[in-house]
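These notes are about the structure you will find just below.
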Amino acid sequence: MFGSALPATVDLGLNDLHSVLITYIVSRQRQERCLLCLEDIGSEETQSSDQEIASLLKKFAIEPEQLLLQSEQKHRYQHFAHTLMSQRKAFACLCVAENPQTPSQDSLCHNSCFEHQEMVAQQIKEQKLPYVIRIKKAEEEISFVDLIQGKVSVAPERIGAPVLLRSDGNPSPLFASACDDMLSNTSLRVCAMRHLDSTPGEIHIKQSLGYTAKTDYAHLPAIHAGEAAADDDTPLSIRQLLEEGFLPDAIINYLLLAGNTHPAEHFTLPNAVAWFDLSTLSPDPIKFDKETLQHLNRRHLEAMDDRSLSTLFGFADADIGRLLKLHLGEADTISALERRIKAIFSPKRCDGDTAGQMQTLATLICEAPMIDAFEDFVQYLVTQSGIEEARLLTLLRLLITATPDGPRLEDIYPLISPYITEIARYTP
RNA sequence: GACCCUUUCAUCUAGGGGCCAAGGAUGCUGCGUUUUCAACGCAGACACAGAGGUUCAAAUCCUCUAAGGGUCGCCA
């Protein structure tokens with residue numbers, strides 16, 4: 001079983017998708033099950049259901065075998081915690097968190113609650129004080145080899161005595177994650193870089209519970225939006241990228257390109273499964289580069305089947321697909337293409353002295369017979385309207401595409417000739 | 001403040017003592033093509049963070065310095 005945790009928020013981030021993607025790819029490669037744990041306990045952010053997350057991931061063709069909701073596992077976490085308590089490997093603690101803004105030197109319990117468990121228990125009983133359950137400090141240094149970051153070893157003082165159960169009875173994310181690994185026997189856990197230093201704590205918890213199976217860890221570098229991560233808090237939201245008109249395939253392509261050795265620049269998820277290698281990932285943080293993503297998006301749109309491309313815009317016509325591809329030059333996202341195609345299919349308007357000529361042309365086209373060749377079409381219009389050819393071409397472009405520039409009209413015309421009367425409409 | 005990690009063009013990377021006066025891709029600049037913008041084609045500019053070592057030979061190994069990132073909560 002390969003696992004990865006992700007927040008159960010409506011707005012999944014690029015970094016979250018990154019972890020999920022890597023987990024999924026490696027699970028396909030080694031033909032193991034892929035498990036995603038949804039951290040839906042105690043977060044203030046808007047929650048979303050497992051179905052919502054699953055359907056979002058499905059857009060990316062990521063279909064994990066199992067989605068686990070941590071809120072449904074609560075009793076198991078509590079059971080583990082009480083087991084540790086009864087073995088005196090964990091203890092109740094009355095220490096209240098210091099001011100979060102100025103973290104204390106060590107995260108250990110200051111009042112040596114562990115040494116005075118009877119007294120603590122009594123206080124809790126008599127005064128109903130809020131308390132947490134902490135794991136006992138580790139005896140010795142804990143080290144492991146991260147698949148991306150290399151060897152990590154951390155002294156017991158640094159691990160401290162992490163909280164297992166919070167005062168509201170809910171597990172801490174760290175504890176929940178350690179338990180999830182044990183319950184589902186996870187052999188590889190992919191997570192974000194920022195959790196690297198808490199991993200020894202997780203290992204310590206598992207060891208205390210007598211779990212001996214090895215879990216490999218891979219901590220992915222973060223993808224930053226701006227120059228100095230701190231000042232630019234532009235959220236790299238997946239939903240937003242999709243709304244901007246990026247194809248899921250292009251986003252996947254980008255994520256696998258960044259911080260990775262790649263045999264090609266342009267590829268799809270199934271290709272990537274063939275060559276992806278966790279060990280070649282760079283531990284360096286990555287700067288999000290939208291231009292690269294745009295370029296990839298264009299490539300993926302280009303590679304799409306004509307007819308399926310047109311279905312993204314409510315058509316089912318390979319010619320419309322080709323028409324869209326003609327516009328890839330100036331439009332590299334779905335939404336930009338949509339603006340183009342909408343402009344073509346809506347009535348055109350313009351002001352000034354061109355208005356009269358536009359009207360003439362529109363009427364002529366409406367009444368014209370079906371003409372296959374663009375040249376003949378233009379000749380017909382020149383003869384009928386008496387407008388000189390160069391001028392007519394400019395007007396015709398406006399009447400068809402609603403913009404002064406774009407792909408060559410002779411390329412466009414054969415693709416839209418069946419729709420020409422619908423397209424060449426003019427509203428004063 | 002403490003601990004850990006990283007450093008090759010603007011960006012993502014190739015490289016693992018000699019095949020490297022450093023290759024590819026994106027972006028940028030110019031030219032071509034185009035009624036037009038873009039795309040496309042061709043050409044061009046742009047990097048081994050710095051200083052010391054080791055070696056016949058260093059982008060590559062070692063040390064220090066600098067810069068970036070991460071962590072030090074009942075956060076996630």
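Naming: A, B, ... by sequence-line order, numbering from 1 per chain.
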Give the rounded distance in Å between these two atoms: [atom1] of [X] and [atom2] of [N].
X	N	atom1	atom2	answer
A:His195	B:C72	NE2	C1'	14 Å
A:Asp332	B:U26	CG	C1'	12 Å
A:Ile148	B:C4	CD1	C1'	16 Å
A:Met193	B:A76	CE	P	20 Å
A:Glu157	B:C72	CD	P	17 Å
A:Gln149	B:G70	CD	C1'	9 Å
A:Leu165	B:C75	CG	P	11 Å
A:His262	B:U26	NE2	P	11 Å

Please classify the nucleic acid contact of [X] as base, sugar-phosphate, or nothing, using heavy-atom distances under 4.0 Å.
X	value
A:Val132	base
A:Asn260	sugar-phosphate
A:Pro285	sugar-phosphate
A:Thr261	sugar-phosphate

Say whether, by atom type as modelled, one donor and one acceptor occur between the side chain of A:Gln70 and the main chain of A:Ile41 under 3.5 angstrom.
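Between the backbone of A:Ile41 and the side chain of A:Gln70 there is no qualifying donor-acceptor contact (under 3.5 Å).
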Quick check against the 3.5 Å criterion: does A:Gln149 have a side-chain atom that pairs as donor or acceptor with the backbone of A:His219?
yes
Using atom [atom1] in both nucleotides, what's the gap between [N] and [M] to the nearest angstrom?
N	M	atom1	answer
B:C12	B:G27	C1'	11 Å
B:G41	B:U26	P	9 Å
B:C9	B:C46	P	14 Å
B:C48	B:U60	P	12 Å
B:U8	B:A49	P	6 Å
B:C62	B:U55	C1'	12 Å
B:U65	B:C72	C1'	25 Å

For A:Asp319, give me all partners under side chain to side chain contact (heavy atoms under 4.5 Å, CB included), at least two apart in sequence or on another chain.
A:Asp317, A:Arg322, A:Leu415
Any residue meeting side chain to side chain contact (heavy atoms under 4.5 Å, CB included) with A:Gln379, in chain and number order, not counting sequence neighbours
A:Glu389
OP1 or OP2 of B:C74 sitting under 4.0 Å from any side-chain N/O of A:Arg134?
yes
Contact under 4.0 Å: A:Arg299 side-chain N or O vs B:C40 OP1/OP2
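Yes, such a contact exists.
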Using a 4.0 Å heavy-atom cut-off to protein, can you give one letter per nucleotide of nucleotides 32-37 of chain B, 5' to 3': B if the base is in contact, S if only the sugar-phosphate is, - if neither?
--SBBB
Show me the donor-acceptor pairs, under 3.5 Å and distance only, between side chains in residues 265-272 of chain A and residues at least two apart or in other chains.
unit_1: A:Thr268; atom_1: OG1; unit_2: A:Asn271; atom_2: OD1; d: 3.1
unit_1: A:Asn271; atom_1: OD1; unit_2: A:Thr268; atom_2: N; d: 2.9

Which nucleotide wins on minimum distance to the side chain of A:Pro7, given the candidates B:A76, B:A2, B:C5?
B:A76
Salt bridge flag under 4.0 Å for residues [X] and [Y]:
X	Y	result
A:Glu388	A:Arg391	no
A:Arg189	A:Asp216	no
A:Asp289	A:Lys287	no

Anything under 30° is parallel, anything over 60° is perpendicular, the rest tilted; go ahead and classify A:Phe345 against A:Phe315.
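Tilted, since the angle between the ring planes falls between 30° and 60°.
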Between the protein and nucleotides 44-50 of chain B, list the N/O to N/O atom pairs that are separated by less than 3.5 angstrom.
none

Using the rule given for salt bridge (charged side-chain N to carboxylate O under 4.0 Å, His left out), can you reason through A:Lys290 versus A:Glu244, listing the C-alpha separation, both sets of side-chain angles and the distance that settles it, and then say yes or no?
CA-CA 11 Å; A:Lys290 204 173 213 169; A:Glu244 279 181 50; 2.7 Å; yes
Counting Watson-Crick and G-U wobble pairs only, both distances under 3.5 Å, name the nucleotide matched with B:A67, or none.
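Base-paired to B:U6.
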Residues in salt bridge (charged side-chain N to carboxylate O under 4.0 Å, His left out) contact with A:Arg307, at least two apart in sequence or another chain
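Expected list: none.
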